[in-house]
Amino acid sequence: MKCYCVVNFREPLQEMDQPTPTPQGTQVLLKVRAAGVCHSDIHLWEGGYDLGQGRTLSLKDRGVSLPLTMGHETVGAVVAAGPDAQGLATDRNYLVYPWIGCGKCASCAAGMENHCTAPACLGVHRAGGYADHIVVPHPRYLIDIGGLDPAQIAPYACSGLTTYSALKKIGAEVYREHPVVIFGAGGLGLMSLTLIKALGGAGAIVVDIDPAKRQAALDAGALAALDAGALAAIDGAAPDAAQQIVKAAGGKPVQAAIDLVGAPATTSLAFDFLTKGGKLIIVGLFGGGSTWPIALIPMKALSIIGSYVGNLAELKELMELVRAGKVPPMPVHRHALAEADSVLASLREGKVVGRAVLTVD
Ligand SMILES: [Zn+2]
Ligand SMILES: [Zn+2]
């Protein structure tokens, strides 16, 4: 099998030939049909996250070993299964749940494998979808997509699931009644807009520095798209930045924000405009340190909630919505698998509007 691997951090992905595995026990071997290229793959490729105050989180120290086949948004067709893998149809396309845990701890037992402290995620700790084949450890991580388009469905495993789980943390009683502020109009931002609509939400105000992405957000139904540059949200907020956001929200108090950037400027601006009892859901991994005025956290009764992907049950719920036709397709750009490195590079340069997906015929 061919795979496109990180051999050294921050160096181009290399095409490698590896023996196609024979599935053992409950394992399932799939032929990859589509593999989404996600922004978090850039952090993986870089080998770490910026924690602020000059500290970094090294992925090498967190169990990521090289060479690594990235790719955690995968749809594949079953080609072989181990003797203990039951109930799968060959030649059907399945969406792969990649956020797999140890299977033994309390989080895993509670169905929260995405909170496992000994994770074995596909495309992070184990080989993922930037390849023509992928091994999935158990059929329960596979969701039948029927006749749906693999390239359209693959991104639900991360960008769809992540935004769905973030919206659930806000709660339907809030997002149905109040516009949500979303920082970042990349793949996740557009997905959030789509899901807010699908879930009967009141809509969203999007903040981004890139005019093309703001336009894409407006096209996807954003109530307003504000220029993060004009809000000076990059180097410390403009004095009236919070008021501008409240104005875009129809002058009403802002109850919830989803920060898909996760930078000091975006988190502090959200802190300023959220009303009492508001929720800030932080998803983005841009990094850095924050200097929230701590006394205001209790005084405003703010909830600052980190959200990391989502669990298997949430992915199944999301796929129910998709199958019911409630989630309009989002823009995807298809590329050949062999273009994995150049696609990752253009994402790194911020050139991808919507979602880039590697496809295999
Ligand atoms: Zn991802
Ligand atoms: Zn676990």
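When a ligand or atom number is given, it counts from 1 through the structure's own listing order. No hydrogens, no waters, no symmetry mates; every other heavy atom, side chains included, goes into these values.
- Atom OH of Tyr141 sits in a crowded spot, with more than 12 heavy atoms from other residues, nucleotides or ligands closer than 6.0 Å.
- Here Cys105 contributes SG and Cys108 contributes SG, and at the Zn ion (ligand 2) these two atoms make an angle of 110°, given to 10°.
- Taking CD1 from Ile282 and OG from Ser290, the interatomic distance works out to 7.5 Å, rounded to the nearest 0.5 Å.
- Geometry at the Zn ion (ligand 2): SG/Cys102 and SG/Cys116 form an angle of 100°, nearest 10 degrees.
- Under the 4.0 Å criterion applied to side-chain N and carboxylate O atoms, Arg348 and Glu46 are not assigned as salt-bridge partners.
- Under a 4.0 Å N-O distance rule, the pair Lys2/Asp17 qualifies as a salt bridge.
- Defined by atom type and a distance below 3.5 Å, a donor-acceptor pair is missing between the side-chain atoms of Asp240 and Gln243.
- The salt bridge (Lys or Arg N to Asp or Glu O under 4.0 Å) contacts involving residues 171-188 comprise nothing, where partners must be two or more places apart or lie in separate chains.
- Residue contact annotation: His115 places no N/O/S atom under 2.8 Å from the Zn ion (ligand 2).
- The CG atom of Leu321 sits 15.0 Å away from atom NZ of Lys316, with the distance rounded to the nearest 0.5 Å.
- Within the protein, the N, O or S atoms sitting under 2.8 Å from the Zn ion (ligand 1) are Cys38 SG, His72 NE2, Cys158 SG.
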